[in-house]
Amino acid sequence: MSETPVRVRFAPSPTGSLHIGGARTALFNWLFARGREGLMALRVEDTDVERSTSESERAVVDDLRWLGLDWDEGPEVGGPYGPYRQSERKEIYRREANRLCAAELAYPCFCTDEELEARRRAAQAAGRTPQYDGTCRDLDEEERAERRAEGRPESIRFRVPGEPAVVRDLIRGDVVFPADAVGDFVILRSNGLPTYNFACVVDDAAMRFTHVIRGEEHLSNTNRQVFLYRALGHPEPAFAHISLILNPDRSKMSKRKGEEATFVSEFRAQGYLPEALINFLALLGWSWDGEREMFSVEELVEKFSLERVNATPAVFNRDKLEWMNGQYLRALPLAERAARVRAYLAERGRLPERADVDEFLERATAAVGDRLKTLADVEGYAGFAFSDSFEIDPKAKEEVLGKKGARESLVALAGMVEESERFEPAVLEARARELSTKLGVKPGDLFFPARVALTGRKVAPGLFEVMSLLGRERTTRRLKAATAWWEEPAAASRA
RNA sequence: GUCCCCAUCGUCUAGCCGGCCUAGGACCCCGCCCUUUCAAGGCGGAAACACGGGUUCGAAUCCCGUUGGGGACACCA
């Protein structure tokens, strides 16, 4: 098929854990590579010493792994074009910057931050585009020596050619930038570290990437990068700028809004499955035929293509993610589902303390059944059985236990439970139905008060599964405690 | 402000190399069924081509403009 093997990369800056947008970018790169026998690299862009931390790097790596994404080259795994941390490539950037200087394609700049800032302000006030004014552009060696002697900071600026730049983008077509879109920009800071655009181009070229798939926020920087490729004498990779993921108010999602989760780790903590998140993320900007939307990772690898990635920004739709997570959860065999719930609760330090925890969680997961939308829902719906202490929701108490006939129902049911020889959902249900016929009470009227008495809430799993989960002893105790409410309201909640 | 990108139901989207579209699917919402609650499931419904000009026999689909949204204009990435 294709002659040149595909090489792509995901290049996060380790200034926090993995953002949902970054995860989607990583996913598209990964799908693209895996679908055509290509290679994927992880490059850590840690040139911002202030904000980069090794903890963040670890967090990003953990999140990517959790999602099931892997890479062939990177900081830990190595590879032919390492090192893969930009902080370990300083000499390379220096050397390349010097090369550009020697060729007069770049030059040392001695302007201070204050001077730059003042000129920027002045330009803005005058209604001009704030671009570098070229103060140091044509200094001769003597003048440069003078400034060095003054002890001024020395950075290196790229001499921008006065011509338009064309970015060939696989998703957007050719994007043309006018000649005066950018002024001379810094490529090597006075502290010796490269700026983003420079390090990025030097590395992307050195690491032989064939495709640069990244977020749209980089598109308006790509004219700079195109100039740099040319100056450095390297061929450009194919670019693909995928559109941004937006908040419901259409602002960029990486700018946090309220309590909305924006990090992969948060979705993990909320009980989402990696395969559901992957499937959902894949559909943010990509589609197969507009009809099918449930895809296994293998299918995504097989079907993904940049041709079917659209250019429209996408608002993150939490409801749909939740729905999809439920689909994945419910499709899992019970044992597997319960194992995931167990792992999730263990990770969060919320495992119920009991000897038969595995068996208990499997029964609890089964009881919660189709209500399950996130791993957190088992505790959400069956938490009443996790321990002895539970509270009856005051509103439910008022509305259900307060109804006439409720107490009689509880008393009758408590008697039935004590006498029932076998404590299994099916048996309990059969007996309870007999009871309702005998008493001439509708099943619902008989069961509903018990649900509240046993779980403390109106919304819960099926009544007989609830009983079975609690066991005979706790069931009886809670039922009896609830009947005591009429005499002593506080007693019921102590069961 | 300048430059760049984008524009189909509330949201994700299909359609966009023009007629097959009285615009399809999914989430959400509403109704009905099932039902001891809540879900899940089944059935049905509401809901969109931003606007204005062209081009054409014919435009959601092509072109221009307007409007709107977003991004970028740093010795952050």
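Just so it is clear: chains get the letters A, B, ... in the order the sequence lines come, proteins before strands, and each one is counted from 1. None of these values were measured; they are calculated from a predicted model.
Inspection of the A/Tyr93 and A/Asp203 side chains reveals an N or O donor paired with an N or O acceptor under 3.5 Å.
In this pair, A/Phe464 and A/Phe447 present their aromatic rings perpendicular. The plane angle is above 60°, beyond the 30 to 60° band. Between A/Phe158 and A/Phe227, the two ring planes are parallel [angle under 30°; tilted spans 30° to 60°]. In this structure, A/Phe304 and A/Phe28 have tilted ring planes: the angle between them lies in the 30° to 60° band.
Checked against B/U37, B/A74, B/C28, the side chain of A/Phe448 finds its nearest nucleotide in B/U37. Checked against B/C6, B/A77, B/C12, the side chain of A/Ala314 finds its nearest nucleotide in B/C12. Closest to the side chain of A/Lys252, from the set B/C3, B/C6, B/G70, is B/G70. Side-chain proximity of A/Glu293 to the nucleotides B/G71, B/A26, B/A39 is greatest for B/A26. Comparing atom distances between the A/Val175 side chain and each of B/G71, B/C6, B/C4 picks out B/C4 as nearest. For A/Arg330, the side-chain atoms get nearest to B/G41 when compared with the rest of B/G70, B/C3, B/G41. Proximity note for A/Lys373 (side chain, C-beta onward) versus B/C4, B/A40, B/A14: the nearest is B/A40. For A/Glu216, whose side chain is taken as the heavy atoms from C-beta onward, the closest listed nucleotide among B/C12, B/C5, B/C6 is B/C5. Considering only side-chain atoms of A/Ser190, the nucleotide from B/G71, B/C12, B/C75 that sits closest is B/C75. Side chain of A/Glu291, nearest nucleotide from B/A39, B/G1, B/G25: B/G25.
Base pairing of B/U11: its partner is B/A26, meeting the Watson-Crick or G-U wobble criterion (both donor-acceptor distances under 3.5 Å). In this structure, B/A50 and B/U66 make a Watson-Crick or G-U wobble pair, each of the two defining distances being under 3.5 angstrom. Base-pair partner of B/C3: B/G71 (Watson-Crick or G-U wobble, both distances under 3.5 Å). If you check B/U55 for Watson-Crick or wobble pairing at under 3.5 angstrom, you find it has no partner at all.
Using atom C1' as the reference point in both B/C30 and B/C9, the two lie 15 Å apart (nearest Å).
Listed here is the closest heavy atom pair of A/Arg172 and A/Ser243: NH2-N, 3.4 Å.
Checking the phosphate oxygens (OP1, OP2) of B/G15, a side-chain nitrogen or oxygen of A/Arg308 falls inside 4.0 Å. For A/Gln131 and B/A72, the shortest distance from a side-chain N or O to OP1 or OP2 is not below 4.0 Å. Taking 4.0 angstrom as the limit, A/Ser220 places none of its side-chain polar atoms (N or O) nearer than this to OP1 or OP2 of B/G71. For the OP1/OP2 pair of B/G68 and a distance below 4.0 Å, the side-chain nitrogens and oxygens of A/Arg250 include no atom meeting the criterion. Proximity of A/Lys320 to the phosphate of B/U13: no side-chain N or O atom is located under 4.0 Å from OP1 or OP2. Between A/Asn310 and B/A14, a side-chain N or O to OP1/OP2 separation shorter than 4.0 Å is present. For the OP1/OP2 pair of B/A14 and a distance below 4.0 Å, the side-chain nitrogens and oxygens of A/Ser287 include at least one atom meeting the criterion. Considering only side-chain N and O atoms, A/Thr47 lies under 4.0 angstrom from the phosphate OP1 or OP2 of B/A77. Between A/Arg457 and B/U37 there is no side-chain polar atom (N or O) within less than 4.0 angstrom of OP1 or OP2.
Using a 4.0 Å heavy-atom distance criterion, A/Gly444 is classed as a sugar-phosphate-only contact. Within the nucleic acid shown, A/Cys111 comes within 4.0 Å of at least one base atom, counting heavy atoms only. A/Gln327 comes within contact range of the sugar-phosphate backbone alone, with a heavy-atom separation under 4.0 Å but no base atom that close. Contact annotation for A/Asn221: base contact, defined as any heavy-atom pair under 4.0 Å involving a base atom. Contact annotation for A/Ile156: no contact, since no heavy-atom pair falls under 4.0 Å across all strands. Residue contacts shown for A/Asp48 are limited to sugar-phosphate atoms, with no base heavy atom under 4.0 Å away.
Comparing A/Val176 and A/Arg451 by the nucleotide of RNA chain B whose heavy atom lies nearest to each, the residue mapping closer to the 5' end is A/Val176. Closest-nucleotide positions on RNA chain B for A/Asp46 and A/Ala181 were compared, and the one nearer the 5' end corresponds to A/Ala181.
A/Arg24 places a side-chain N or O within donor-acceptor distance of the main-chain N or O of A/Leu284, the cut-off being under 3.5 Å. Judged by distance alone, the side chain of A/Gln131 and the main-chain N or O of A/Asp180 form a donor-acceptor pair under 3.5 Å. Using modelled atom types, one side-chain atom of A/Asn325 and one backbone atom of A/Leu273 make a donor-acceptor pair closer than 3.5 Å.
Residue A/Arg371 places a side-chain atom within donor-acceptor reach of the base of B/C38, judged by atom type and a 3.5 Å distance cut-off alone.
Remark: of the listed residues A/Gln86, A/Arg85, A/Lys90, A/Arg85 is the sole one forming a side chain to side chain donor-acceptor pair (under 3.5 Å) with A/Glu88.
Only A/Ala460, A/Pro461, A/Gly462, A/Leu463, A/Phe464, listed by number, bring a heavy atom of residues 460-467 of chain A to less than 4.0 angstrom from any atom of RNA chain B.
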